[in-house]
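By convention in this document, chain letters (A, B, ...) are assigned in the order of the sequence lines, proteins followed by strands, and residues within each chain are numbered from 1.
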Amino acid sequence: SQQGEEDPQALSIQEGENATMNCSYKTSINNLQWYRQNSGRGLVHLILIRSNEREKHSGRLRVTLDTSKKSSSLLITASRAADTASYFCATALTYGGSQGNLIFGKGTKLSVKP
Amino acid sequence: DAGVTQSPTHLIKTRGQQVTLRCSPKSGHDTVSWYQQALGQGPQFIFQYYEEEERQRGNFPDRFSGHQFPNYSSELNVNALLLGDSALYLCASSLNLGAYNEQFFGPGTRLTVL
């Protein structure tokens, strides 16, 4: 079963607009990571936010984490056509190498129109 | 610095056959995880290998097995293939001593079972 659930399932915007995707999860986590996937190929790691962090920035990406609500959001500012992809949140339950697996949601499919 | 590589890119098999997929981790990484991604879904954890042993396993039958070699590369074997095994198989590598288990994914192997 999948712990995370992204919302919305699909999002279509115009180039230059901001895109916001949300992720909810069920259990306590060590960290939460966001990945991008183009056309069913490999996943590209975007950003990792630790459970004791509330907000993190990387270029045009802004991630927030609310552990009390068990939710996270990914904001992409000034979107570009090249941002068209599926975006997944993934939760890691425990600390360090022994944690093993990431638990993924079903993803948000973002389409950015030129 | 080579990232995670996987082979083959695509594979077509028939029901009942066996398949072996291969993965070479990112340079310096010692831990390999395998994920199965069905169409329209997020990746699901199959198992993780560290020090040539299976360290964690997801909810997959014994038909799925793996191996890790002394050079940290890994294989995923699936026996008695079913139609439902058709999916994108993703390999991810990480560093066991890494505090937050940032995983780097390969491009995947697309398996089609007819």
Residues in ring-ring contact (aromatic ring centres under 6.0 Å, His included) with B:Tyr89, at least two apart? none

Using the side-chain contact (heavy atoms from CB on, under 4.5 Å) criterion, which residues pair with B:Gln17? Sequence neighbours excluded. B:Lys13, B:Thr14, B:Leu81

Bottom line for A:Gln9: the part with an atom under 4.5 Å from chain B's heavy atoms is neither

When you compare the side chain of A:Glu6 with that of A:Cys89, does any pair of heavy atoms fall below 4.5 Å? yes

Taking atom NZ of A:Lys109 as the centre, report whether more than 12 heavy atoms of other residues, nucleotides or ligands fall under 6.0 Å from it. no

Measure distances from B:Arg110 to the heavy atoms of chain A and classify the residue's part below 4.5 Å as side chain, backbone, both or neither. side chain

Okay, B:Gln6 and chain A: the region with an atom under 4.5 Å from a heavy atom over there is neither

